[in-house]
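Report on the structure given below.
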Amino acid sequence: MIHKNSFAARTELIKSGKKETREQMIYNHLYFGRKQMTIRQLLKALYPGSDDMNKVRPRSHDLLTGGALRVCGEAIEGGLPVMVVEVNWPAKAETQQAMF
């Protein structure tokens with residue numbers, strides 16, 4: 001559980017642009033770094049030494065359902081098939097549906 005003051009401080013840093021959200025970290029790492037990775041590889045790249053998949057899995061799922069990432073293949077990790085993701089390029093332009 002994160003303390004409410006820590007949460008408020010992180011929120012302010014994100015709003016000011018001094019800190020990235022987890023979604024931004026995942027997207028930027030795939031866009032500017034390695035082009036294709038598994039979710040576990042993303043975890044190891046962004047949080048070395050951590051085994052907590054919940055640091056990247058929910059946000060990567062949000063990026064997949066939102067269309068920013070796409071599944072581009074499979075890899076074997078721990079004897080099991082897992083998905084390999086990449087940036088969904090070219091990005092689809094969405095038109096505005098309503099005026100404010």
Side-chain angles (χ1 to χ4, degrees):
M1 186 80 183
I2 188 168
H3 191 273
K4 66 178 182 177
N5 291 343
S6 297
F7 182 76
R10 178 174 168 79
T11 303
E12 287 302 315
L13 284 172
I14 289 171
K15 286 181 182 177
S16 70
K18 295 179 182 175
K19 187 164 187 75
E20 294 179 322
T21 64
R22 289 189 180 172
E23 290 95 341
Q24 289 170 325
M25 290 172 57
I26 292 168
Y27 187 86
N28 288 340
H29 189 75
L30 287 170
Y31 187 82
F32 295 111
R34 293 189 55 190
K35 301 300 180 194
Q36 300 175 343
M37 300 178 84
T38 65
I39 303 303
R40 187 168 304 278
Q41 289 172 335
L42 276 167
L43 172 70
K44 296 298 181 188
L46 297 174
Y47 301 100
S50 178
D51 286 332
D52 185 8
M53 291 295 290
N54 288 325
K55 289 186 174 183
V56 293
R57 189 179 299 146
R59 302 295 74 85
S60 60
H61 176 74
D62 292 345
L63 289 168
L64 281 165
T65 56
L69 299 181
R70 66 177 170 212
V71 177
C72 63
E74 284 187 355
I76 303 295
E77 285 183 351
L80 299 170
V82 295
M83 64 182 171
V84 177
V85 297
E86 67 181 359
V87 172
N88 191 6
W89 190 256
K92 296 177 185 173
E94 294 186 19
T95 58
Q96 184 174 346
Q97 298 296 320
M99 288 297 282
F100 308 97

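We're numbering straight along the sequence, starting at 1. Scope of the values below: all heavy atoms of this structure, side chains included, with no hydrogens, waters or symmetry mates. Nothing here was measured: the structure is a model prediction, and the numbers come from that model.
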### Message
Return the CZ to CG distance between Arg22 and Leu63, rounded to the nearest 0.5 Å.
### Response
13.0 Å

### Message
Please tell me whether Tyr31 and Val56 are part of a single hydrophobic cluster in this structure, the criterion being side-chain heavy atoms less than 4.5 Å apart.
### Response
yes

### Query
Is there side-chain contact between Pro81 and Ile76, with at least one heavy-atom pair below 4.5 Å?
yes

### Task
Give the minimum heavy-atom separation between Ala75 and Thr38, together with the two atoms involved.
CB-CG2, 4.0 Å

### Query
Please, which pairs that meet salt bridge (charged side-chain N to carboxylate O under 4.0 Å, His left out) have at least one residue in residues 74-84, sequence neighbours excluded?
Arg40-Glu77

### Message
Tell me whether Met83 shares a hydrophobic cluster with Leu42, the cluster being built from Ile, Leu, Val, Met, Phe, Trp, Tyr side chains joined at under 4.5 Å.
### Response
yes

### Task
Mark yes or no for whether Lys44, through its side chain, and Ser50, through its backbone, hold a donor-acceptor pair below 3.5 Å.
yes

#### Entry: Short N-O contact, Arg57 and Asp62, less than 4.0 angstrom
no

### Task
Evaluate the side-chain contact (heavy atoms from CB on, under 4.5 Å) criterion for residues Glu86 and Gln36: first the C-alpha distance (whole Å), next the side-chain angles of each, then the deciding distance (0.1 Å), finally the verdict.
CA-CA 5 Å; Glu86 67 181 359; Gln36 300 175 343; 2.9 Å; yes

### Query
Any link between Leu43 and Val82 through a network of hydrophobic side chains (Ile, Leu, Val, Met, Phe, Trp, Tyr) touching at under 4.5 Å?
no

### Query
Can a salt bridge be assigned to the pair Glu23 and Arg59 using a cut-off of 4.0 Å between side-chain N and carboxylate O?
yes

### Flag side-chain contact, heavy atom, 4.5 Å: His29 against Leu46
yes

### Task
State yes or no: do Val87 and Leu64 share one hydrophobic cluster built from I, L, V, M, F, W and Y residues joined by side-chain heavy-atom distances below 4.5 Å, directly or via other members?
yes

### Query
Do Ile26 and Leu69 come close enough that some side-chain heavy atom pair is under 4.5 Å?
yes

### Message
I'd like to know if Phe32 and Tyr47 are part of one continuous hydrophobic network [Ile/Leu/Val/Met/Phe/Trp/Tyr, side-chain heavy atoms within less than 4.5 Å].
### Response
yes

